[in-house]
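Notes follow once the structure below has been shown.
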Protein chains: 2
Amino acid sequence: MQSVAKHFRITKNETQPIATTYATGLIIKWVLNNMNTEIKPIVRTLDDIAKIAGVSKSTASRALNDNPLISEKTRLKIQKIAKDHNFIKHYGASSLSLNTSNTIALMVPKYDENHYDLVRVKEDPFFNKVLAGILSQTDLIGKELLISSFDPASPVKIAQLVNSRKVDGAIVFGATDENEKFSDHIPANFPIVFWGNMRTTTKYKTVSGNDMEGARLATQALIDAGKKNIAYIGGFGESPEVSARFEGYKKAIHHLNSPKFISGFGRYTHQSGEQQMRQLLDLYPDIDGVFAGSDVLAMAAISVLKQKGKSIPENVAVVGYDDIDMAEFFKPALTTISQNGFVAGQILVDKLISIIKKEPDSIEQRTYIDVHLIRRESCQ
Amino acid sequence: MQSVAKHFRITKNETQPIATTYATGLIIKWVLNNMNTEIKPIVRTLDDIAKIAGVSKSTASRALNDNPLISEKTRLKIQKIAKDHNFIKHYGASSLSLNTSNTIALMVPKYDENHYDLVRVKEDPFFNKVLAGILSQTDLIGKELLISSFDPASPVKIAQLVNSRKVDGAIVFGATDENEKFSDHIPANFPIVFWGNMRTTTKYKTVSGNDMEGARLATQALIDAGKKNIAYIGGFGESPEVSARFEGYKKAIHHLNSPKFISGFGRYTHQSGEQQMRQLLDLYPDIDGVFAGSDVLAMAAISVLKQKGKSIPENVAVVGYDDIDMAEFFKPALTTISQNGFVAGQILVDKLISIIKKEPDSIEQRTYIDVHLIRRESCQ
DNA sequence: CTGAAAGCGCTTACAG
DNA sequence: CTGAAAGCGCTTACAG
């Protein structure tokens with residue numbers, strides 16, 4: 001059935017069977033450690049451990065799993081043997097027997113709507129923070145993390161990964177649309193949690209930033225700084241996040257003056273930010289405040305404003321969004337909205353675990369992470 | 001043995017056994033789809049598929065694995081049945097039988113030497129690019145990726161993950177020291193590849209940037225721009241990368257003048273860059289060129305130089321390293337060294353797979369990824 | 001080209 | 001508190 005090679009666990013060096021001896025019922029496999037000719041037996045399976053300890057593999061299994069049925073003496077003895085032999089059990093066998101993987105998946109979009117390959121992973125600094133939070137939390141609770149890309153146009157891969165029992169559930173990034181593809185392949189009670197606001201009210205559980213509130217805070221900061229003609233750049237319909245930021249801006253501004261805004265099509269690029277700011281200044285030369293939907297856009301806007309001879313924040317105050325690392329060191333340092341991505345990652349893991357464990361009481365449909373205004377030079 | 005719940009694959013909705021019928025030897029499990037009361041049978045195992053197709057599970061297994069023994073007619077029939085029933089095989093069972101995981105690990109350091117938790121994941125934009133390259137390549141060759149943190153002081157976790165057969169091998173980030181811990185737990189022929197230069201000549205296989213050559217190119221660009229008093233900031237011993245960059249600088253400069261450098265202790269922070277630049281100007285006021293070991297340091301240096309009334313690049317030219325996204329939009333746009341992290345990720349995967357497959361001919365001990373000079377305003 | 005059977009290495013209900 | 005045995009769902013050498 002299996003090849004001979006299979007009987008030798010990868011160990012310190014190229015394993016090489018030299019002799020097979022039967023002693024006290026235990027098959028001892030000797031291996032030539034070809035670096036320093038040190039010879040050591042290989043312990044591969046629970047059965048090997050059991051035979052060394054002189055117990056059954058049932059007992060060995062229970063001992064290693066801290067099953068209270070086993071006496072402390074026996075348990076400690078077996079655990080010591082396992083440790084001394086660097087025994088580690090076969091994950092696949094465990095997973096087959098228990099029908100659980102002890103692993104969750106992080107699914108990242110292979111393409112976004114503009115077909116940029118893995119752009120979220122490659123270019124979004126916020127992704128790093130969330131990933132770090134997810135990793136930290138999975139580590140804390142003793143789970144492993146699989147990371148995999150998927151095509152938002154055919155999310156069946158997510159369902160397959162769970163159905164194969166390779167993972168117990170999935171955190172899904174960057175799917176902002178609950179399209180038919182999702183609804184068709186993935187039921188509402190599937191062990192899955194989304195990062196981000198969905199474009200439509202969705203049946204799936206989500207964790208997201210509070211974009212509306214963040215945008216309101218940002219705009220309010222401009223109002224509090226005494227600004228009266230406050231514009232918005234960053235688009236208003238491309239994604240739920242963008243829509244929510246635009247709504248937050250309008251909410252804060254409605255009693256002041258009519259909204260001044262420019263739609264930023266496509267991505268949140270520096271180039272687009274410069275172009276939007278120029279158009280805005282042409283249309284409304286009396287602007288004295290700008291809320292930009294991202295820090296990159298804010299920096300682009302500031303560079304245009306400076307070119308036009310405006311001083312920041314005296315003539316025009318600017319507030320960004322995201323609090324990227326650069327925001328602090330930009331001249332002028334950027335006032336912006338910060339969301340704790342690390343905490344978001346931790347919450348995503350906890351929420352997914354609750355869903356997997358079916359703890360309906362503790363699972364809210366929508367979880368929002370806090371937003372904070374970081375006040376720096378560009379608006380104070 | 002197993003609970004009843006185990007017999008119901010997670011499916012469109014909360015699974016709920018309604019009746020168990022025995023028909024033509026096939027146990028048909030009916031499930032009430034409680035959203036729309038649609039009723040559908042569940043196909044969980046190869047055996048189920050085999051019975052529907054009227055073949056043995058041996059044949060079903062071979063057909064789904066495209067085994068050429070099976071006739072095309074039978075194969076297509078079985079594959080269609082599997083597809084129609086959204087059948088996906090149990091990963092753990094497959095893994096146990098084949099003793100392979102079809103998965104590789106990406107190990108990231110939980111702590112660096114200064115005990116910053118997951119700083120690499122959280123703050124290194126280059127990590128994103130490498131991760132995207134790794135993901136893209138594992139996807140291409142049909143492997144999955146597990147990402148896990150480890151404590152560099154006890155890398156036994158890496159060996160355990162491989163020995164449990166949860167992964168077939170590992171890409172290790174951010175371990176720049178081959179300390180005894182590594183040597184003790186992980187043999188030279190272990191299926192593992194490191195990102196980065198090791199501090200000492202190591203027995204392990206590595207992929208890394210060509211830091212010496214990058215630094216030489218950067219310094220040469222300053223020389224080519226006619227600069228004579230070229231300084232270096234960025235430290236010279238903290239890590240192999242930093243050492244190599246310092247060496248590259250010295251190599252390019254040796255015929256020109258005596259090296260001028262400041263050690264940057266600790267992390268490559270903006271604050272540290274400003275401090276180093278101030279010290280350097282105090283010591284050598286006649287500096288006309290600066291090679292900074294990172295773009296962040298270069299930006300910090302430029303901000304200090306501007307404060308001191310220097311114009312860039314006329315009075316002092318500056319070259320950075322990394323080509324972070326911001327480098328292009330900084331004023332002045334930064335001349336810098338670029339390494340293709342995405343390609344590095346792809347190479348890491350290919351190299352690890354070669355190691356796993358034991359293709360000694362095609363595996364070089366050290367692989368260096370290309371470095372390029374990106375010429376922008378700060379040095380031209 | 002196909003099938004019956006053994007095996008992969010765990011876990012655990014059952015019996016003692 | 002411990003063990004023999006069955007079972008998890010695959011794969012494949014062997015026999016036909």
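A note on names: the letters A, B, ... follow the listed sequences, proteins ahead of strands, and every chain is numbered from 1.
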Under 4.0 Å: is that the gap between some side-chain N or O of B:S94 and OP1 or OP2 of D:dT11?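 B:S94 to D:dT11 OP1/OP2: side-chain N or O found under 4.0 Å.
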Is the phosphate of D:dT11, meaning OP1 or OP2, less than 4.0 Å from a side-chain N or O of B:K89?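 Answer is yes, contact under 4.0 Å.
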Round to a whole Å and report the spacing from [atom1] of [X] to [atom2] of [N].
X: B:H90; N: C:dC8; atom1: NE2; atom2: P; value: 19 Å
X: A:I78; N: C:dC10; atom1: CD1; atom2: P; value: 14 Å
X: A:K166; N: D:dG9; atom1: NZ; atom2: C1'; value: 16 Å
X: B:N99; N: C:dG9; atom1: CG; atom2: C1'; value: 10 Å
X: B:L46; N: D:dG7; atom1: CG; atom2: C1'; value: 17 Å
X: A:R165; N: D:dC10; atom1: CZ; atom2: P; value: 13 Å
X: B:K77; N: C:dC1; atom1: NZ; atom2: P; value: 15 Å
X: B:L98; N: D:dG9; atom1: CG; atom2: P; value: 17 Å

Side chain of B:T74 (C-beta onward), nearest among C:dG9, D:dT11, C:dT2: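 The answer is C:dT2, which lies nearest to the side chain.
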Who are the side chain to side chain donor-acceptor pair (under 3.5 Å) partners of [X], not counting sequence neighbours?
X: A:S58; result: none
X: B:E144; result: none
X: A:T59; result: A:S56

Watson-Crick or G-U pairs under 3.5 Å in DNA chain D, rendered as dot-bracket with [ ] for crossing pairs and | for another strand: |||.||||||||.|||
Return the set of residues passing salt bridge (Lys or Arg N to Asp or Glu O under 4.0 Å) with A:K80 (not counting sequence neighbours), or none when no residue passes.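 If we apply the salt bridge (Lys or Arg N to Asp or Glu O under 4.0 Å) test to A:K80, skipping adjacent residues, the hits are A:D84.
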By salt bridge (Lys or Arg N to Asp or Glu O under 4.0 Å), which residues pair with B:R62, not counting sequence neighbours?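 Not a single residue meets the salt bridge (Lys or Arg N to Asp or Glu O under 4.0 Å) criterion with B:R62.
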With a 4.5 Å limit on heavy-atom distance, are the side chains of B:V162 and B:P191 in contact?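 Yes, their side chains come closer than 4.5 Å.
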State whether A:D47 and A:R44 are salt-bridged, where the test is any N-O pair (Lys NZ or Arg NE/NH1/NH2 against Asp/Glu carboxylate O) under 4.0 Å.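 No, no charged N to carboxylate O under 4.0 Å.
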When you measure only distances, ignoring hydrogens and angles, does the side chain of A:S97 come within 3.5 Å of the base of D:dG7 through a donor and an acceptor?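 Answer is yes: a donor-acceptor pair is held.
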Who passes side chain to side chain contact (heavy atoms under 4.5 Å, CB included) against A:A50, sequence neighbours left out?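 With neighbours one apart ignored, the set is A:V55, A:K57, A:A60.
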Compile the donor-acceptor pairs under 3.5 Å between side chains in residues 147-154 of chain A and protein atoms, sequence neighbours left out, one pair per line.
residue: A:S148; atom: OG; partner: A:K157; partner atom: NZ; Å: 3.2
residue: A:D151; atom: OD1; partner: A:A153; partner atom: N; Å: 2.9

Residues from residues 55-70 of chain A lying under 4.0 Å of DNA chain C - heavy atoms: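 DNA chain C contact set from residues 55-70 of chain A: A:K57, A:S58, A:S61, A:R62, A:N65.
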